[in-house]
Amino acid sequence: MYNVSIIGASGYTGAQLVELVQQHPELTLSGTYVSSNSADANKPIGELHGKLAHVDATLIPISDSILESLAHDVDFIFLATPHEASHDWMPLLTSGSAKVLDLSGAFRLKDTEVFEAFYGFSHKQQASLDNAVYGLAEWYSSSIEQAKIIAVPGCYPTASLSALKPLGENNLLDSAVRPVINAVSGVSGAGRKASLTTSFFEVSLHAYGVLGHRHTPEIEAYLGTPVIFTPHLGNFKRGILATVTVKLKSGVTQEQLDEAYKAAYADKSIVRLRSSFPKIDDVAHTPFVDLYWKLDESSGYAVVTSAIDNVMKGAASQAIQCVNIMTKQPIETGLVL
Ligand SMILES: NC(=O)C1=CN([C@@H]2O[C@H](COP(=O)(O)OP(=O)(O)OC[C@H]3O[C@@H](n4cnc5c(N)ncnc54)[C@H](OP(=O)(O)O)[C@@H]3O)[C@@H](O)[C@H]2O)C=CC1
Ligand SMILES: CC(=O)N[C@@H](CCC(=O)OP(=O)(O)O)C(=O)O
C-alpha cells in the first residue's frame with residue numbers, strides 16, 4: 001500500500017481525489033489539507049462535500065512543518081492548489097522521498113518567459129521545473145514512471161492533445177494551417193470559490209480568454225505546432241467537449257486517419273474510440289477520453305471531437321493514472337471497475 005496526502009482537498013479536484021484514493025485498492029489516504037487560514041479548517045470533508053459524508057477525513061490547515069514532514073512521511077503528495085502555492089512549496093515538498101503530483105499549471109511550461117506572460121508571476125523554481133514531467137498519461141508513460149514531480153496537464157490541453165497528438169505524431173497535419181480548437185467547459189472548471197461569472201443566474205454559453213488563454217501555449221508546447229484555441233463556459237456542471245478542426249497534408253486518406261488513432265490508442269484503456277460524435281454525458285464522472293473524427297477528403301479538412309470530464313481526466317483521475325504508472329500497476333487501477 002502507498003500513503004498519500006492531498007493539499008487543497010476541499011476544492012473540486014481535491015475532493016474528487018479523496019473519492020478516488022478511497023476507492024483505490026493500493027492507496028491509503030493519510031491526510032487532507034487546506035490553506036493555513038482556510039474558512040474550512042478542521043471541518044470534516046463530508047460537511048463540504050456530502051458525497052464524502054462516509055469518509056473519515058478532517059481538513060487540516062497546512063503549515064511549513066507539515067509540508068516538511070509530508071516530504072518524508074508519505075509516498076505521494078497531490079497538490080490541488082492554486083498555481084502560486086504549488087510553485088512556492090515544490091522544493092520543500094520534494095526534499096524527501098515523496099513524489100509530488102501537481103494539478104496546477106505551475107510546472108507545465110518549461111519556457112519561463114511564456115509562463116510569466118500567461119500566469120502573471122515569474123517562475124523561481126528552475127530546478128523543480130527542470131525535473132517536472134508532463135503527466136499526459138497515454139503519451140509520456142516512460143518519463144512519468146521515473147519522475148519525482150508530475151505536472152498534471154490542464155483540462156482543456158488534455159482534451160485537445162488527446163485529439164491532436166495522433167495527427168501530429170504521424171506527421172499528418174498541414175503545417176501551413178493551424179488546428180482550430182473550440183472547447184466548452186462546465187463551471188466546475190473554474191473551481192469551488194464563489195464568483196459572479198460562475199453563478200447559476202449568470203452562466204450562459206460564451207467564449208472567454210479569446211486568443212490569450214494560458215492553455216494555448218501548453219497545447220502548443222506538447223503538440224509542437226501553433227494552434228487557435230477558444231474556450232467557452234457552458235451552463236452545466238462538469239465536462240469538456242472540444243471540437244478540433246484540422247487541415248491535413250495533401251492526399252491523407254480516411255484510412256490513414258483511422259489508422260493513426262487506432263495505433264495511438266490500441267492498448268490505452270482510458271481512451272475510447274467511438275463510432276459517433278461523443279457527448280459530455282458519456283464521460284461525466286468517468287476517467288475516459290472519448291474520440292471521434294470525420295474527414296472531408298476533397299478539401300483535406302477533418303473534424304475531431306474529444307469529450308472528457310474536466311475534474312476527472314482533466315485533473316484528478318489523470319493524476320491517479322500517473323500514480324498507477326509510477327507504481328507499475330495497470331493504468332485503470334481504481335478508476336474503471
Ligand atoms: N477544476 C478543474 O476542472 C481543474 C482544475 N485544475 C487546477 O487544479 C487546482 C485546483 O483546482 P480546483 O479544485 O478547481 O480549485 P478549488 O478552488 O475548487 O480548490 C482549491 C483548493 O485549494 C485550497 N487553497 C486555496 N488557496 C490556497 C493556498 N494559498 N494554500 C493552500 N491551499 C489553498 C482551497 O481551500 P482553502 O481556500 O479553504 O484553503 C481548496 O481546497 C488549480 O490549480 C486548478 O487550476 C486543473 C485541471 C482542471
Ligand atoms: C471553466 C474554467 O474556468 N476553466 C479553467 C481551466 C481549469 C484548468 O484546467 O485549470 P489549470 O490549467 O489552471 O490547472 C480556466 O479557463 O481557467
Side-chain angles (χ1 to χ4, degrees), residues 5-19 32-43 45 47-49 57 59-64 66-67 70 77-89 93 101-109 115 118-120 134-136 150-161 183-195 197-198 203 205-210 212-219 229-242 284 308-319:
S5 283
I6 300 165
I7 310 181
S10 65
Y12 288 152
T13 62
Q16 182 70 72
L17 277 166
V18 170
E19 190 181 343
T32 45
Y33 301 90
V34 286
S35 59
S36 52
N37 40 26
S38 170
D40 297 314
N42 303 311
K43 290 182 185 168
I45 194 165
E47 206 174 289
L48 278 68
H49 299 277
L59 297 166
I60 301 161
I62 200 81
S63 64
D64 284 350
I66 293 176
L67 290 170
L70 289 179
I77 302 165
F78 292 97
L79 288 174
T81 41
H83 318 296
E84 294 82 354
S86 297
H87 168 272
D88 293 351
W89 296 338
L93 287 173
L101 296 105
D102 177 26
L103 274 60
S104 88
F107 293 91
R108 297 177 195 149
L109 295 176
F115 178 88
F118 282 87
Y119 283 80
Y134 194 62
L136 190 64
I150 301 289
V152 181
C155 47
Y156 290 118
T158 296
S160 308
L161 289 167
V184 188
S185 170
V187 290
S188 56
R192 184 166 177 269
K193 65 206 162 301
S195 95
T197 45
T198 53
V203 178
L205 174 59
H206 67 91
Y208 67 99
V210 178
H213 193 278
R214 67 185 184 287
H215 287 170
T216 303
E218 185 179 330
I219 297 165
F229 164 59
T230 310
H232 299 70
L233 185 66
N235 59 359
F236 51 94
K237 289 187 182 179
R238 331 173 39 127
I240 287 180
L241 186 73
I308 63 165
D309 181 313
N310 55 300
V311 182
M312 287 285 281
K313 179 63 177 173
S317 68
Q318 178 134 263

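Each ligand, and each atom within it, is numbered from 1 in the order the structure gives. Residues take their numbers from the sequence shown, with the count starting at 1.
In this structure, A319 and L101 approach most closely via the heavy-atom pair O-CD2, 3.5 Å. Here the closest non-hydrogen pair linking I240 and A159 is CG2-CB, 4.0 Å. Looking at every heavy atom in both residues, S86 comes nearest to T81 through OG-OG1, 2.9 Å. Heavy-atom minimum distance, V203 versus N235: CG1-CA, 3.6 Å. Shown here for G239 and F236, the closest heavy-atom pair between the two residues is O-CE1, 3.4 Å. Of all heavy-atom pairs spanning S10 and V34, the tightest one is OG-CG1, 3.4 Å.
In this structure, L103 counts as a contact residue of ligand 2, since one of its heavy atoms falls inside 4.0 Å of the ligand. In this structure, I62 has no heavy atom closer than 4.0 Å to ligand 1. For the ligand labelled ligand 2, residue R214 lies inside the 4.0 Å heavy-atom shell.
Ranking protein heavy atoms by distance to atom 14 (O) of ligand 1, first place goes to G191 CA, 3.3 Å. With hydrogens left out, the protein atom closest to atom 7 (C) of ligand 1 is L103 O, 3.3 Å, a heavy atom. Closest to atom 4 (C) of ligand 1 among all protein heavy atoms lies T13 CG2, 3.7 Å. Atom 9 (C) of ligand 1 has T81 O, 3.5 Å as its closest protein atom, hydrogens excluded (heavy atom only). Closest protein heavy atom to atom 45 (O) of ligand 1: H83 CE1, 3.6 Å. Of all protein heavy atoms, the one lying nearest to atom 3 (O) of ligand 1 is N310 ND2, 2.9 Å. Nearest protein heavy-atom contact of atom 12 (O) of ligand 2 is H215 NE2, 2.4 Å. In this structure, atom 24 (N) of ligand 1 lies nearest to the protein heavy atom P82 CD, 3.8 Å. With respect to atom 37 (O) of ligand 1, the closest heavy atom belonging to the protein is S35 OG, 3.9 Å.
Contacts with ligand 1 closer than 4.0 Å are made by no heavy atom of Y156, backbone or side chain. For S86, no heavy-atom contact with ligand 1 is shorter than 4.0 Å. Within the 4.0 Å heavy-atom criterion, neither part of E218 lies near ligand 2. Counting heavy atoms closer than 4.0 Å to ligand 1, residue A9 contributes backbone atoms (N, CA, C, O) but none from C-beta onward.
For the pair S317 (side chain) and K313 (backbone), a donor-acceptor distance under 3.5 Å is present. Not a single donor-acceptor pair under 3.5 Å links the side chain of H83 to the backbone N or O of S104. Listed for the H232 side chain is a donor-acceptor partner under 3.5 Å among the backbone atoms of A183. Under a 3.5 Å cut-off, the side chain of S188 and the backbone N or O of K237 do form a donor-acceptor pair.
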When you look at L67 and I7, which way does the side chain to side chain contact (heavy atoms under 4.5 Å, CB included) test go after all the steps? CA-CA 10 Å; L67 290 170; I7 310 181; 3.8 Å; yes
Check step by step if side chain to side chain contact (heavy atoms under 4.5 Å, CB included) holds for L17 and L103. CA-CA 11 Å; L17 277 166; L103 274 60; 3.9 Å; yes
Begin from the C-alpha positions of R192 and D40 and carry the test side chain to side chain contact (heavy atoms under 4.5 Å, CB included) through to its verdict. CA-CA 13 Å; R192 184 166 177 269; D40 297 314; 3.8 Å; yes
Go through it in stages, so that I can follow the logic: the residues are Q318 and L136, the test is side chain to side chain contact (heavy atoms under 4.5 Å, CB included), and I'd like the CA-CA distance, side-chain angles, deciding distance and then a yes or no. CA-CA 7 Å; Q318 178 134 263; L136 190 64; 4.0 Å; yes
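Each of the following atoms of ligand 1 lies closer than 4.0 Å to a heavy atom of R192: 16 (P), 17 (O), 18 (O). Those atoms of ligand 2 with a heavy atom of R108 less than 4.0 angstrom away are 11 (P), 12 (O), 14 (O). Every atom of ligand 2 is numbered from 1 in the order shown, and the set under 4.0 Å from a heavy atom of C155 is 6 (C), 7 (C), 8 (C), 9 (O). Distances below 4.0 Å separate heavy atoms of L233 from the following atoms of ligand 2: 1 (C). Residue contact check: A190 has heavy atoms under 4.0 Å from atoms 1 (C), 2 (C), 3 (O) of ligand 2. Atoms of ligand 1 lying under 4.0 Å from at least one heavy atom of G189, given by number and element, are 1 (N), 2 (C), 3 (O). Heavy-atom proximity to Y12, at under 4.0 Å, picks out these atoms of ligand 1: 13 (O), 18 (O). Each of the atoms 47 (C), 48 (C) of ligand 1 lies under 4.0 Å from some heavy atom of A315.
Of the N or O atoms in Y208, one or more lie within a sub-3.5 Å distance of an N or O in ligand 2. Of the N or O atoms in R108, none lie within a sub-3.5 Å distance of an N or O in ligand 1. Among the atoms of G189, some N or O lies under 3.5 angstrom from an N or O of ligand 2. Among the atoms of Y156, none of the N or O lies under 3.5 angstrom from an N or O of ligand 2. Taking only nitrogen or oxygen atoms, main chain and side chain alike, W89 does not reach within less than 3.5 Å of ligand 1. Taking only nitrogen or oxygen atoms, main chain and side chain alike, Y33 does not reach within less than 3.5 Å of ligand 1. Considering backbone and side-chain N/O atoms, S38 comes within less than 3.5 Å of an N/O atom of ligand 1. Considering both main-chain and side-chain atoms, S104 never comes within under 3.5 Å of ligand 2 through any nitrogen or oxygen pair. In terms of polar-atom proximity, defined here as any N/O pair under 3.5 Å, G11 does make such a contact with ligand 1. Inclusion of V187 in the set of residues having an N or O under 3.5 Å from an N or O of ligand 2 is not warranted. For H213, a nitrogen or oxygen atom sits less than 3.5 Å from a nitrogen or oxygen atom of ligand 2, counting backbone and side chain alike.
Side-chain N/O atoms of S185 and N310 include no donor and acceptor closer than 3.5 Å. Remark: the Y134 side chain and the E218 side chain contain an N/O donor-acceptor pair separated by less than 3.5 Å.
Looking at S63 and I66, their side chains come closer than 4.5 Å, going by heavy atoms from C-beta outward. Proximity of L233 to P231: side-chain heavy atoms (C-beta onward) are nowhere separated by under 4.5 Å.
Put simply, CG on L79 and OG1 on T13 are 10.0 Å apart, with the number rounded to the nearest 0.5 Å.
For an aromatic pair to be called close, the ring centres must be under 6.0 Å apart, and Y119 with H87 fails this. The six-membered or imidazole ring of F118 lies away from that of H215, with a centre-to-centre distance of 6.0 Å or more.
For the residues A319, G314, G105, S188, the heavy atom positioned nearest atom 48 (C) of ligand 1 is part of G314. Nearest-residue assignment for atom 22 (O) of ligand 1 (options P157, A80, A85; heavy-atom criterion): A80.
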